[in-house]
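Below is one structure; the comments refer to it alone.
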Amino acid sequence: MSDRARQAIDECRTIATMTEEPGRITRLFLTPPVRQVHQHLRARMENLGMSVHVDAAGNLRGLWTPTGASGKRLILGSHIDTVPDAGAFDGVLGVVLALELVESAARLHLPLALEVIAFSEEEGVRFGFPFIGSRAVAGRFDPSFLAHKDANGISIRQAIEDFGLDPNNLEAAIADQHAVGFVEIHIEQGPLLEAEDLSLATVTSIVGQTRLDLKFIGHANHAGTTPMHLRRDALAAGAEWISNVEALARRTEGLVATVGKLNVRPNAGNVIPSSVDLSLDVRHVNDSQRKTAVDELLVQAESISTRRGLTLQWTKKMDEPSVPMDERLTAFMASAIEAAGFPGKAMPSGAGHDAMIMAGRMPTAMLFLRSPGGLSHHPDETVREEDVEAALRVGEKFLERLAAEVR
Ligand code: GLV
Ligand code: MN
Ligand code: MN
């Protein structure tokens, strides 16, 4: 089997040891293990002859400029933050394989400059607000975003300053004007490629997402003495609404809706819950169907809240439309897959990616690798060695085609 594929997998597993929680992979935006990841990847980038810096959004960026390059560059990369108790490959694999491709480009004497970006934040876990890194590179980071706070009341501005970076310098993070495109290699995170016994696919589009934070506010009282009809139980309201969320998604073709996070107060077994915070994540390939679903769920939340004598508060944390990938770059990727001897497959992505933000700035394409067991956002997430080797071969063919075009 392929040494470089095995090494790339080992590299992802090494980076997985850089975590906030021993025994689990958890690495949120600009937390201490991110510094370790930067040191580790910086050393690899410098070994490859890249010039390296960390921009004001905490993105680690390496630039490889071969002699005779035209001045144009391709950007490759993915994110290095994770969900709590994550797998080792979501995001990180795309950075590790991008660096393997820099090594290939040098070996193949490709005259195309390559910038590799390890995006600081994509998952939206720390601030409930995703894509901090790619928003900055795509020129879509409004300074007002710096005010978002994490669970400990620390703002994005503060987190950036605590890491030793200058949040007033975010403009300088915007992608170089000579960038001809962005390519992200990522695991599929779903079961489709495995079901069809395929290694790889190109991505046609990335589905739209809405994320909301909601809060039902009721009243705490004694669990033993308060009759049922006198209660204003915030958690009972939240539970009723969560079943509505699931029911709506089950009866709407193509809709997925998730309440993944709850915070109950005061969170004691013998106290009626006074408030509950809930997250909502809604996705559909069709933007108007997604919006209709979100509107309906908010109407249901209001009605549950009123009927139970509670108060409802909500804020929208993210509302991104469905984003098509660039047809020309994606056609290059499809022809690279064919040239490398693999069957062609094109599919939409149900997961969000930095590519959905970068696509607003420059032509963008994605390459998916099969996810064994369709598993992701789980510690058992994995990848097959043969698929990693396949992705590298396809990446090389893609670079050859692109270099010939921009030469
Ligand atoms: C990112 O992993 C997302 O799709 O939530
Ligand atoms: Mn990811
Ligand atoms: Mn993820």
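Every number for a ligand or one of its atoms is a count from 1 in the order of the listing. This is a predicted model, so every value here is computed, not measured.
- Taking 4.0 Å as the cut-off between side-chain N and carboxylate O, Arg27 and Asp81 do not count as a salt-bridged pair.
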Phe119/His353 under ring-ring contact (aromatic ring centres under 6.0 Å, His included): CA gap, chis, key distance, verdict: CA-CA 11 Å; Phe119 289 104; His353 298 289; over 10 Å; no
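- A salt bridge links Glu320 with Arg140: the distance from a Lys NZ or Arg NE/NH1/NH2 to an Asp or Glu carboxylate oxygen falls below 4.0 Å.
- At a threshold of 4.0 Å, the pair Glu296-Lys291 does not count as salt-bridged, since none of the basic side-chain nitrogens sits closer than that to a carboxylate oxygen.
- Looking at ligand 1, you won't find any N or O of Gln189 less than 3.5 Å from one of its N or O atoms.
- Take a cut-off of 2.8 Å around the Mn ion (ligand 3): the protein N, O or S atoms inside it are Asp90 OD2, Glu123 OE1, Glu123 OE2, His377 NE2.
- Ring planes of Phe145 and Phe141: perpendicular class, angle over 60° (limits at 30 and 60°).
- Distance check for His186 against the Mn ion (ligand 2): an N/O/S atom falls below 2.8 Å.
- Between Glu188 and Arg370 there is no salt bridge, since no side-chain N of the basic residue sits under 4.0 Å from a carboxylate O of the acidic one.
- In this view, Ala293 and Leu248, Leu255, Val282 satisfy the side chain to side chain contact (heavy atoms under 4.5 Å, CB included) rule, not counting sequence neighbours.
- Polar contact with ligand 1: absent for Asp281 (N/O pair, distance under 3.5 Å).
- Considering backbone and side-chain atoms together, Gly352 places an N or O closer than 3.5 Å to an N or O of ligand 1.
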